[in-house]
Structures are given as C-alpha cells and as structure tokens.
**Q** 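Below you will find the structure I want to go over with you.
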Amino acid sequence: MPVLYEKRNHVGWLILSRPEARNAWGEDFNEEIARHCDAMESDPEIRLAVLTGDEAGGAFSAGANLKNPRTHTQASMVEFIEGLPQRHRSAGQVLSEFPKVALGILPNHGGIVRLARWVGKGQAMKVAMGYPMKADEAFRFGLAQWLVPHAELIAQTTAIAERLAELPPLASRLAKESLNRGLDMPNVADAAYVDLYRFMALSLTEDAKESHAAWRERRSPTVRGA
C-alpha cells in the first residue's frame, strides 16, 4: 500500500510510503488518503490524524513521482472529464475538509492558492517559481507551527498529537470548521454570526459540561466526544 496506516491510541497516523523515490507523490496517494480518512472519520476512537512520510524515504515527500510516465499526463479529454468527480476528492481537499486532520498543503490541487493564504502571495509565488521553502522559513511565515530537529520529529509529533487528542473532539471539529469556513466569508461579522450557532451547539454537549466542572474542581476532564 502506498499510504500506510497506524492507529495509536486516539491518533491515526497516515504515512506516505514510496521510500525508493523519497515518498514521491502519485495519484495512488490521493486514493489511499481519501480511503483512510473516510475510515478514520467513522471511527469514534480517532480524534486526530497525523500525515507524515516514511522514514526510509528520507523526506515527507519529494513532490510528483516523475519516474511514473503517467504523471502530469492525460490520455484524452474524455478521460479527463470522466475523472473529474474523483479529482474533487484530491488529497488536498480531503485533508482540508477532514474534521480530524490539520490543513494539508500540497503543490497541486489548489496548493499554491492554499499556500498564499498562509504565507502571502509573494512567498507563494516564489515557491511556485521553483524556489523551495526551507523549514526555518516555513516556521517564520507561520506555515509550520513547530520547528524541531529531525531526530526528535516523531517524539515531538507524538506528544503534540496526544495533547490535541485529549481535547473535546466535537469542539476541535467545530473550531477547525469555524476557521476554514470563516476565512472564505466576505466579512468577520458573518463569520461571527455563524459561530454563535456553533457555540450554542457545543454548550449543550456533555464534554462542555464536564470540562467546565473539571476547571472549577481543578482536575483533568474526562472527554467522551458526546
């Protein structure tokens, strides 16, 4: 399988695995990521997902799999049109809308537009013109929220994932929805208005009641996703 999946406590790990080509991207990644995300979304035990690359590949992903002759090619316009429904299920879109995964930035499927929303048009254009963004730059521009030595990557990722997995999952889901949908709204007032409904819905959950009680009693809450 090109995308490996591991379930560790409440965290699902998606691992891009094409180590012989530095985990180079292919259409099979789109298919496998969508399949695993569907499975994780229906698994109530999964509260968070991590997307990473196979350690043996030496990179998260080196980009498009140029060794595959079908990469960046299309046999016919008929094939392209018939495949449009599947293209709407690209990994970029699946990861952006997946309620348990942080935003994934990819070099295609609107990747440059998505990148511009994080780092600005100028920096995104620089990447589009072939200038790689280094890790320290990604951290400085806010694209990467943490910057750690490679040797500590898995340990740090595991610690962060487990910390996030302790949060009330319904609140995490609606917080992500609020940000992703709110950024597409024409003004903050409309985003704030819709958030009133999200806030009211969350205030009625058992996790909200338990979290408030735990804060008053100075203890750790026990969240159940309800």
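Position 1 is the first residue of the sequence, and the numbers go up from there.
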**Q** In terms of hydrophobic clusters joined by side-chain contacts under 4.5 Å, are F199 and Y193 together?
**A**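 No.
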**Q** Taking the side chain from H10 and the backbone from E45, do they hold a donor-acceptor pair closer than 3.5 Å?
**A**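 A pair under 3.5 Å: yes.
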**Q** If the condition is side-chain contact (heavy atoms from CB on, under 4.5 Å), which residues does Y5 pass it with, not counting sequence neighbours?
**A**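 Y5: side-chain contact (heavy atoms from CB on, under 4.5 Å) contacts with K7, L14, H36, M40, I46.
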**Q** Give a yes or no on this: more than 12 heavy atoms of other residues, nucleotides or ligands lie within 6.0 Å of atom CZ of R224.
**A**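 Counting other residues, nucleotides and ligands, CZ of R224 stays at 12 neighbours or fewer.
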**Q** Would you give me the side-chain donor-acceptor pairs under 3.5 Å for residues 133-150, sequence neighbours excluded?
**A**
{"from": "E137", "atom 1": "OE1", "to": "K134", "atom 2": "N", "distance (Å)": "2.9"}
{"from": "Q145", "atom 1": "NE2", "to": "G142", "atom 2": "O", "distance (Å)": "3.0"}
{"from": "Q145", "atom 1": "NE2", "to": "L143", "atom 2": "O", "distance (Å)": "3.3"}
{"from": "H150", "atom 1": "NE2", "to": "E55", "atom 2": "OE2", "distance (Å)": "2.9"}

**Q** Determine whether V223 and L164 fall in the same hydrophobic cluster, where Ile, Leu, Val, Met, Phe, Trp and Tyr are linked whenever their side-chain heavy atoms lie under 4.5 Å apart.
**A**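 No, separate clusters.
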**Q** Main chain of A24, side chain of R18: is a donor-acceptor contact present, judged purely on distance under 3.5 Å?
**A**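 Yes, R18 side chain to A24 backbone: donor-acceptor pair under 3.5 Å.
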**Q** Kindly compute the distance separating CD1 (I112) from NZ (K126), expressed to the nearest 0.5 Å.
**A**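 NZ of K126 is found 13.5 Å from CD1 of I112.
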**Q** May I ask you to test the I33-L16 pair for a side-chain heavy-atom distance under 4.5 Å?
**A**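 Yes, at least one pair of side-chain atoms sits under 4.5 Å.
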**Q** Is any side-chain heavy atom of E32 closer than 4.5 Å to a side-chain heavy atom of L4?
**A**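 E32 does not reach L4 side chain to side chain.
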**Q** Residues sharing L174's hydrophobic cluster, by side-chain heavy-atom contacts under 4.5 Å among ILVMFWY, directly or via others?
**A**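 The other cluster members (ILVMFWY side chains, heavy atoms under 4.5 Å, direct or chained) are L170, L202.
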**Q** Roughly how far apart are T158 OG1 and L153 CG, rounded to 0.5 Å?
**A**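 Going from OG1 on T158 over to CG on L153, the span is 8.5 Å.
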**Q** Looking at CG of D38 and CG of D43, how far apart are the two atoms once the value is rounded to the nearest 0.5 Å?
**A**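 These two atoms lie 12.5 Å from each other.
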**Q** Donor-acceptor pairs under 3.5 angstrom involving side-chain atoms of residues 183-192: please list them, not counting sequence neighbours.
**A**
{"from": "D184", "atom 1": "OD1", "to": "R117", "atom 2": "NH1", "distance (Å)": "2.7"}
{"from": "D184", "atom 1": "OD1", "to": "R117", "atom 2": "NH2", "distance (Å)": "3.2"}
{"from": "N187", "atom 1": "OD1", "to": "A189", "atom 2": "N", "distance (Å)": "3.2"}
{"from": "N187", "atom 1": "OD1", "to": "D190", "atom 2": "N", "distance (Å)": "2.8"}
{"from": "N187", "atom 1": "ND2", "to": "D190", "atom 2": "OD2", "distance (Å)": "3.3"}

**Q** How long is the span from the CG atom in L115 to the CE atom in M125, to the nearest 0.5 Å?
**A**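 Going from the CG atom of L115 to the CE atom of M125 covers 11.0 Å.
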**Q** Could you pull out the closest heavy-atom pair between A226 and T205, with the gap in Å?
**A**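 Closest approach of A226 to T205, heavy atoms only: O-CB, 3.5 Å.
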**Q** Taking all heavy atoms of A165 and all of V11, pick out the closest pair and write down the distance.
**A**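 That closest heavy-atom pairing would be CB-CG2, 4.1 Å.
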**Q** Kindly indicate, with the supporting measurements, whether the criterion side chain to side chain contact (heavy atoms under 4.5 Å, CB included) is fulfilled by W13 and L51.
**A** CA-CA 6 Å; W13 288 69; L51 179 65; over 6 Å; no
**Q** May I have all residue pairs that pass side chain to side chain donor-acceptor pair (under 3.5 Å) and include part of residues 207-220, sequence neighbours excluded?
**A**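 For residues 207-220: E210-R219, E217-R219.
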**Q** What pairs meet the salt bridge (charged side-chain N to carboxylate O under 4.0 Å, His left out) rule with one or both residues in residues 157-170, with sequence neighbours excluded?
**A**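 Residue pairs passing salt bridge (charged side-chain N to carboxylate O under 4.0 Å, His left out), neighbours aside: none found.
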**Q** I want to check something: taking the side chain as every heavy atom from C-beta on, are I15 and E6 in contact at a cut-off of under 4.5 Å?
**A**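 The answer is yes, as the side chains (C-beta and beyond) meet within the 4.5 Å cut-off.
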